[in-house]
**Q** 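Have a look at the structure that comes next, please.
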Amino acid sequence: MAMMVSSRSSSWAALALLLFVSVAHTVAGADELSAGYYAKTCPNVESVVWSVMASRVGGGRMAPAVLRLFFHDCFVNGCDASVLLDATPFSESEKDVEPNTSLTGFTVIDEIKSALERDCPATVSCADVIAIASRDAVTLLGGPTWNVPLGRKDSRFAARREFTRAHLPSPNDNLTELIRMFGELGLDARDMTALSGAHTVGMANCMHYRDRVYGTSNTKYNIDPSFAESRRQLCPPQGPIGDAGKAPFDVTTPMKFDNAYYRDLIAHQGLLNSDQALYGGGGVDNLVEMYGTDGDAFGRDFAKAMVKMGNIPPPKGMPMEVRLQCSKAN
């Protein structure tokens, strides 16, 4: 009898494992995302996210950090919350790869997830939490709002370091490279130009803008001399690569989500080479000039591009789930 029970238990365990693997590999091909995805299973999801974001983030510096998480997640294997996974003995972490080593905002996402687990356990994915929170971050900083399509699942594995590094834009990328990288994700030049406007808030480390302000061999674009001098006061020609010498992308309204970023580019005051790449070469100059004079047009295009970027799916066959904790697989 003991052998029969053991055999039966083993069979059920094997069947359960088979079903889990089957679901994990097919969920990425589920129905398209929908703003009402949690209408029945977790109807208060957006109010929970907003409550935590408003209390923890408000209009402060953590808002740009949360927005940045969404970009760095979606650019590597789609919007699957893989950027939140910690390293394990069996899996690398995207957090450990430059430029992800400077990412913050993880504690905010964890707090939102904990609140949702109390309200509707094992229901809302970490990928959807990032998507909603990034929208709320923009709104809290005075930017546009939009309906966020939901229904994403979380990857059980992070991308390898080499893959992560190769799929994130560099501070020194030129326009051709930026258009190529965005294009590989189904985002066109207009999407790229609008999404780059996220740099109207937040800050960059000295190591990312040093080449530009000191006119080294990696500097490719015109820079206003007085702007370069002011940034050199914050960023020594040599020094540590950590958070030293942080500078705002937009010095005029660094914590307001507006169209000042584009006016900075027109004045040749883009902080990164990859920022200034958008203006001065003719490729997307017309878009930069339009967004610089029409903040409403920028807001509309940014919202559309955020939805489009948020629709980037993980690779087919990627094992997916709804994580109970965002930093580790179930």
**Q** Could you grab the distance from atom CZ of F75 to atom CG of L168, nearest 0.5 Å is fine?
**A** 8.0 Å
**Q** Quick one: do V45 and V322 end up in the same hydrophobic cluster if we chain Ile, Leu, Val, Met, Phe, Trp and Tyr together by side-chain heavy atoms under 4.5 Å apart?
**A**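 As far as the 4.5 Å side-chain criterion goes, V322 and V45 are not connected within one cluster.
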**Q** Heavy-atom count check: over 12 atoms from other residues, nucleotides or ligands less than 6.0 Å from N147 CG?
**A**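 Counting neighbours around CG of N147, 12 or fewer heavy atoms of other residues, nucleotides or ligands fall under 6.0 Å, so no.
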**Q** Out of D154, L85, L116, which residue meets the side chain to side chain contact (heavy atoms under 4.5 Å, CB included) rule with C126?
**A** D154
**Q** Between R156 and S91, is any side-chain donor less than 3.5 angstrom from a side-chain acceptor?
**A** no
**Q** Could you check whether any side-chain heavy atom of P149 comes within less than 4.5 Å of a side-chain heavy atom of V307, counting everything from C-beta outward?
**A**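 Yes, close enough: below the 4.5 Å cut-off.
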**Q** Mark yes or no for whether S196, through its side chain, and A194, through its backbone, hold a donor-acceptor pair below 3.5 Å.
**A** no
**Q** For the backbone of L271 and the side chain of Q276, can you confirm whether one donor and one acceptor N or O come within less than 3.5 Å of each other?
**A**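 Judged by distance alone, no pair lies under 3.5 Å.
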**Q** Assess whether side-chain contact (heavy atoms from CB on, under 4.5 Å) is satisfied between E98 and M207, documenting all intermediate values.
**A** CA-CA 11 Å; E98 182 61 38; M207 62 177 292; 4.2 Å; yes
**Q** Honestly curious: do M192 and M290 fall in one hydrophobic cluster under the side-chain, below-4.5 Å linking rule?
**A**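 They do share one cluster, since a chain of ILVMFWY contacts under 4.5 Å joins M192 to M290.
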**Q** Is there a path of hydrophobic side-chain contacts, each under 4.5 Å between heavy atoms of I, L, V, M, F, W or Y residues, that connects L175 with Y279?
**A** yes
**Q** Judged by atom type as modelled, is there a donor-acceptor pair below 3.5 Å linking the side chain of D224 to the main-chain atoms of Q269?
**A**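 Looks like no, no N/O pair under 3.5 Å.
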**Q** Nearest 0.5 Å, what's the CG-CD1 distance between L187 and I179?
**A**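 The CD1 atom of I179 is 12.0 Å from CG of L187, to the nearest 0.5 Å.
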**Q** State whether the side chain of Y214 and the backbone N or O of C235 hold a donor-acceptor pair below 3.5 Å, judged by distance alone.
**A**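 Between the backbone of C235 and the side chain of Y214 there is a qualifying donor-acceptor contact (under 3.5 Å).
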**Q** Is there a donor-acceptor pair closer than 3.5 Å between any side-chain N or O of K153 and the backbone N or O of P319?
**A**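 Looks like no, no N/O pair under 3.5 Å.
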**Q** Can you find a pair of side-chain heavy atoms, one from T164 and one from S82, that are under 4.5 Å apart?
**A**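 No, too far: nothing below the 4.5 Å cut-off.
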**Q** Closer than 3.5 angstrom, by distance alone: can the side chain of S102 be matched with the main-chain N or O of P99 as a donor-acceptor pair?
**A**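 Pair found, side chain donor or acceptor close to backbone of P99.
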**Q** Give me the atom names and distance for the closest heavy-atom approach of S155 to M318.
**A**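 Nearest pair, atom of S155 first, then M318: OG-SD, 3.6 Å.
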**Q** Can you find a pair of side-chain heavy atoms, one from D275 and one from Y209, that are under 4.5 Å apart?
**A** no
**Q** Do the side chains of P144 and F257 get nearer than 4.5 Å, heavy atoms only?
**A** yes
**Q** Within a strict 4.5 Å, meaning less than it, do heavy atoms of the D191 and M309 side chains meet?
**A**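 Of all side-chain heavy-atom pairs linking M309 with D191, none is under 4.5 Å.
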**Q** Report the residues that fulfil side-chain hydrogen bond (donor to acceptor under 3.5 Å, both in side chains) with N311, sequence neighbours left out, ordered by chain and then residue number.
**A** none
**Q** Would F298 and Y261 count as a close aromatic pair, with their ring centres under 6.0 Å?
**A**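 Between F298 and Y261, the centre distance exceeds or equals 6.0 Å.
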**Q** How about Q325: does its CD atom have over 12 heavy atoms from other parts shown lying under 6.0 Å from it?
**A** no
**Q** Checking side-chain polar atoms at under 3.5 Å, does H268 have a donor or acceptor matched by the opposite partner on N222?
**A** no
**Q** Output yes when a side-chain donor or acceptor of E94 lies under 3.5 Å from a complementary backbone atom of R161, and no otherwise.
**A**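 Answer holds: no.
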**Q** State, to 0.1 Å, how close N330 and E321 come at their nearest heavy-atom pair, and which atoms those are.
**A** N-OE2, 2.9 Å
**Q** I'd like to know whether I130 forms a side-chain contact (heavy atoms from CB on, under 4.5 Å) with L84, so could you lay out the CA-CA distance, the side-chain angles of the two residues, the decisive distance to 0.1 Å, and finally the verdict.
**A** CA-CA 10 Å; I130 302 176; L84 304 180; 3.6 Å; yes
**Q** Does E162 pair with R165 as a salt bridge, N-O distance under 4.0 Å?
**A** no
**Q** Ignoring hydrogens and geometry, is there a side-chain-to-backbone donor-acceptor pair from D73 to D80 under 3.5 Å?
**A** yes
**Q** If I compare all heavy atoms of R323 with all of C326, which pair ends up nearest, and what's the gap?
**A**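 It is NH1-O, 2.7 Å.
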**Q** So, S47 side chain and N44 main chain: donor-acceptor pair closer than 3.5 Å or not?
**A** yes
**Q** Working to the nearest 0.5 Å, report the span between CE of M255 and CE of M203.
**A** 9.0 Å
**Q** What's the spacing between L278 CG and Y291 OH if we round to 0.5 Å?
**A** 10.0 Å
**Q** Taking 4.0 angstrom as the limit, do K328 and D86 come out as a salt bridge?
**A**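 No.
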**Q** According to the interplanar angle, ranging from 0 to 90°, do the rings of H199 and F249 count as parallel (below 30°), tilted (30 to 60°) or perpendicular (above 60°)?
**A**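 Judged by the thresholds at 30° and 60°, the geometry between H199 and F249 is parallel.
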**Q** On a heavy-atom basis, which atom in Y38 and which in R152 lie closest, and how many Å separate them?
**A** OH-O, 4.4 Å
**Q** What distance separates D258 CG from T252 OG1, expressed to the nearest 0.5 Å?
**A**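 With rounding to 0.5 Å, CG (D258) is 8.5 Å from OG1 (T252).
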**Q** Tell me if the CZ atom of R160 is crowded by more than 12 foreign heavy atoms within 6.0 Å.
**A** no
**Q** Starting from V124, can I reach L33 by hopping between I/L/V/M/F/W/Y residues whose side chains sit under 4.5 Å apart?
**A**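 They do not share one cluster, since no chain of ILVMFWY contacts under 4.5 Å joins L33 to V124.
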**Q** Do T176 and R180 pass the side-chain contact (heavy atoms from CB on, under 4.5 Å) test, and can you show the C-alpha distance, the side-chain angles, and the key distance before you say yes or no?
**A** CA-CA 6 Å; T176 300; R180 182 194 68 79; 5.6 Å; no
**Q** Please say whether more than 12 non-hydrogen atoms of neighbouring residues, nucleotides or ligands are located less than 6.0 Å from CZ in R232.
**A** yes
**Q** Keeping the roles fixed (side chain from R135, backbone from M306), state whether a donor-acceptor pair exists under 3.5 Å.
**A**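 Judged by distance alone, no pair lies under 3.5 Å.
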**Q** At their closest point, which heavy atom of A115 faces which heavy atom of V48, and how far apart are they?
**A** CB-CG1, 3.7 Å
**Q** Applying a strict under-4.5 Å side-chain criterion to I, L, V, M, F, W and Y, I'd like to know whether F163 and L103 cluster together.
**A** yes
**Q** Is there a side-chain contact (heavy atoms from CB on, under 4.5 Å) between L140 and W50? Walk through the geometry before answering.
**A** CA-CA 9 Å; L140 285 163; W50 176 265; 3.5 Å; yes
**Q** I want to check something: taking the side chain as every heavy atom from C-beta on, are I132 and L150 in contact at a cut-off of under 4.5 Å?
**A**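 They are in side-chain contact.
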**Q** Side chains of V83 and V76, heavy atoms from C-beta outward: is any pair under 4.5 Å?
**A** no
**Q** Are the side chains of N259 and D294 in touch, meaning some heavy atoms are under 4.5 Å apart?
**A** no
**Q** Which atom pair, heavy atoms only, marks the closest approach of G270 to R212?
**A**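 So the minimum-distance heavy-atom pair works out to O-NE, 2.6 Å.
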**Q** Are S274 and D173 linked by a side-chain donor-acceptor pair shorter than 3.5 Å?
**A**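 Absent: no donor and acceptor within the cut-off.
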**Q** Once rounded to the nearest 0.5 Å, what's the spacing between atom CD of E184 and atom NE2 of H167?
**A**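 Output value for this atom pair is 6.0 Å.
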